[in-house]
J.: 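Following this message is one structure expressed as structure tokens.
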Amino acid sequence: MKIATYNVNGVNGRLPVLLRWLAEAAPDIVCLQELKAPDERFPIEAIRAAGYDAIWHGQKSWNGVAILSRVGSIQETRRGLPGDPDDSHSRYIEAAVNGLLIGGLYLPNGNPRPGPKFDYKLRWFDRLIDHAAGLMASGLPVMLAGDFNVMPTERDVYKPERWTDDALFAPEVRAAYVRLLDQGWTDALRRLHPDEKIYTFWDYFRNAFARDAGLRIDHLLLSPALSERLVRAEVDSHVRGWEKTSDHAPVWIELAEPRRRRPVRQVEETKNGRTAPRTEAGTGTAPARPRRARGRRAEQQP
DNA sequence: ATGGCCATCCGTGATGGA
């Protein structure tokens with residue numbers, strides 16, 4: 001199963017690029033950010049014609065998030081983060097899709113720093129961390145995906161020294177990202193590419209894409225049950241080079257099918273010794289993992 | 001250090017983005 005996140009920077013202005021990328025990449029599930037359109041102007045007909053169902057939370061001019069799927073129904077579980085009834089920004093949408101729980105998010109930019117926008121970013125981040133704690137505690141296979149507007153480390157910025165005071169790289173914001181990950185989330189791109197230069201955004205100024213002056217700010221975070229299914233994680237950076245493109249590139253992961261709990265006898269008959277030790281079919285030989293990583297079945301027991 | 005670009009809206013510039 002292929003799952004992507006893409007900050008489209010205007011879903012209507014970007015529709016040809018979005019449809020071209022959907023046809024080429026054929027993701028199963030997509031989180032979109034920065035729709036920049038009210039609910040009634042979401043291009044649902046074109047997206048259905050491309051083979052996708054969708055839910056969306058729009059807003060005039062700014063923000064806006066959506067979840068697309070071509071693999072079964074989308075059961076919306078939440079729109080908007082809890083913790084601030086006065087928050088009018090459309091920045092979070094959550095749904096159960098194809099056996100996963102997916103939170104699609106667009107974290108505030110926060111510039112200039114300091115200032116009220118930066119304060120809003122930190123408060124929003126705190127609300128995300130609170131909500132994510134509940135998702136993690138559920139033991140469900142959960143993914144948080146979207147534009148986090150945070151470069152986690154110096155490796156994720158083309159020129160870190162120029163960004164130290166920016167709201168995307170400020171110490172408080174990076175610390176909040178660490179607090180989130182410390183709940184047990186896995187940064188999918190970094191786990192599979194620990195030392196590579198990976199960017200997901202290149203600004204429109206100064207020929208940034210051609211110079212590869214980029215930032216890594218779009219992330220896919222996996223709960224333990226999903227992290228162990230992660231097989232690929234990539235950035236479709238060539239899309240950033242298309243005409244009339246977004247300043248972000250699509251980012252995606254590939255998840256293996258959930259491992260089945262087969263009888264031990266069947267495992268031993270069908271596999272040689274190389275894979276048999278990895279089974280969790282009651283052999284007690286599965287590799288040590290954090291307690292949270294136990295299967296759903298175990299979590300449901302009192 | 002500055003400004004560069006792009007999308008949106010009852011627009012002819014302002015604002016937000018990162």
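Because the structure is predicted, anything quoted here is derived from the model rather than measured. Naming: A, B, ... by sequence-line order, numbering from 1 per chain.
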J.: Using atom P of each nucleotide, how far apart are B:dC5 and B:dC10 to the nearest Å?
T.: 26 Å
J.: Okay, side chain of A:His219, backbone of A:Leu189: is any donor-acceptor separation there less than 3.5 Å?
T.: no
J.: For DNA chain B, determine which residues of residues 32-42 of chain A have any heavy atom closer than 4.0 angstrom to one of its atoms, and list them numerically.
T.: A:Glu34, A:Lys36, A:Arg41
J.: Along DNA chain B, 5' to 3', what are the outermost nucleotides having an atom less than 4.0 Å from a heavy atom of chain A?
T.: B:dT2 to B:dA18
J.: Counting the atoms with a prime plus P, OP1 and OP2 as sugar-phosphate, which does A:His89 contact under 4.0 Å by heavy atoms, base, sugar-phosphate, or nothing?
T.: nothing
J.: Of all heavy-atom pairs between A:Arg191 and A:Glu228, which one has the smallest distance, and what is that distance?
T.: NH1-N, 4.5 Å
J.: So, A:Arg179 and A:Asp126, do they make that salt bridge, N to O below 4.0 Å?
T.: yes
J.: Pick the nucleotide of DNA chain B nearest each of A:Val11 and A:Trp62; which residue has the one closer to the 5' end?
T.: A:Val11
J.: Taking the side chain from A:Arg70 and the backbone from A:Ala26, do they hold a donor-acceptor pair closer than 3.5 Å?
T.: yes
J.: Would you mind classifying the nucleic acid contact of A:Asp203 as base, sugar-phosphate or nothing, using non-hydrogen atoms under 4.0 angstrom?
T.: nothing
J.: Do A:Met143 and A:Ser223 come close enough that some side-chain heavy atom pair is under 4.5 Å?
T.: no
J.: Would you indicate what A:Asn149 reaches in the nucleic acid, counting non-hydrogen atoms under 4.0 angstrom: base, sugar-phosphate, or nothing?
T.: sugar-phosphate
J.: Which part of the nucleic acid, if any, lies within reach of A:Asn7 when heavy atoms closer than 4.0 Å are counted: base, sugar-phosphate only, or nothing?
T.: sugar-phosphate
J.: Could you measure between the two P atoms, the one in B:dT2 and the one in B:dT12, and give it in whole Å?
T.: 29 Å
J.: Among A:Tyr120, A:Tyr106, A:Trp62, whose ring-ring contact (aromatic ring centres under 6.0 Å, His included) with A:His89 holds?
T.: A:Tyr120
J.: Output, in order, the C-alpha distance, side-chain angles, deciding distance and verdict of salt bridge (charged side-chain N to carboxylate O under 4.0 Å, His left out) for A:Arg113 and A:Glu172.
T.: CA-CA 11 Å; A:Arg113 167 181 178 267; A:Glu172 323 77 301; 3.1 Å; yes
J.: Any donor-acceptor pair under 3.5 Å linking the side-chain atoms of A:Gln75 with those of A:Ser73?
T.: yes
J.: Which part of the nucleic acid, if any, lies within reach of A:Tyr106 when heavy atoms closer than 4.0 Å are counted: base, sugar-phosphate only, or nothing?
T.: sugar-phosphate
J.: For a side-chain hydrogen bond (donor to acceptor under 3.5 Å, both in side chains) with A:Asn63, tell me which candidate from A:Lys36, A:Glu34, A:Arg91 qualifies.
T.: A:Arg91
J.: What interatomic distance, in whole Å, is found between P of B:dA14 and the corresponding atom of B:dG4?
T.: 15 Å
J.: How far, in whole Å, is B:dG3 from B:dA7 if one measures between their P atoms?
T.: 22 Å
J.: I want to check something: taking the side chain as every heavy atom from C-beta on, are A:Trp202 and A:Arg211 in contact at a cut-off of under 4.5 Å?
T.: no
J.: Counting distance only, does the side-chain N/O of A:Lys117 pair as donor-acceptor with the main-chain N or O of A:Asn109 below 3.5 Å?
T.: no
J.: By nearest nucleotide on DNA chain B, pick out whichever of A:Gly13 and A:Lys117 is the more 5' one.
T.: A:Gly13
J.: Would you indicate what A:Asp147 reaches in the nucleic acid, counting non-hydrogen atoms under 4.0 angstrom: base, sugar-phosphate, or nothing?
T.: sugar-phosphate
J.: Where are the stems of DNA chain B, defined as at least 3 consecutive Watson-Crick or wobble G-U pairs with both distances under 3.5 Å?
T.: B:5-9 with B:13-17
J.: Please measure how far the C1' atom in B:dA1 lies from the corresponding atom in B:dC6, and state the result in whole Å.
T.: 23 Å
J.: Determine, for A:Lys197 against A:Asp212, whether the closest basic-nitrogen to carboxylate-oxygen distance falls under 4.0 angstrom.
T.: yes
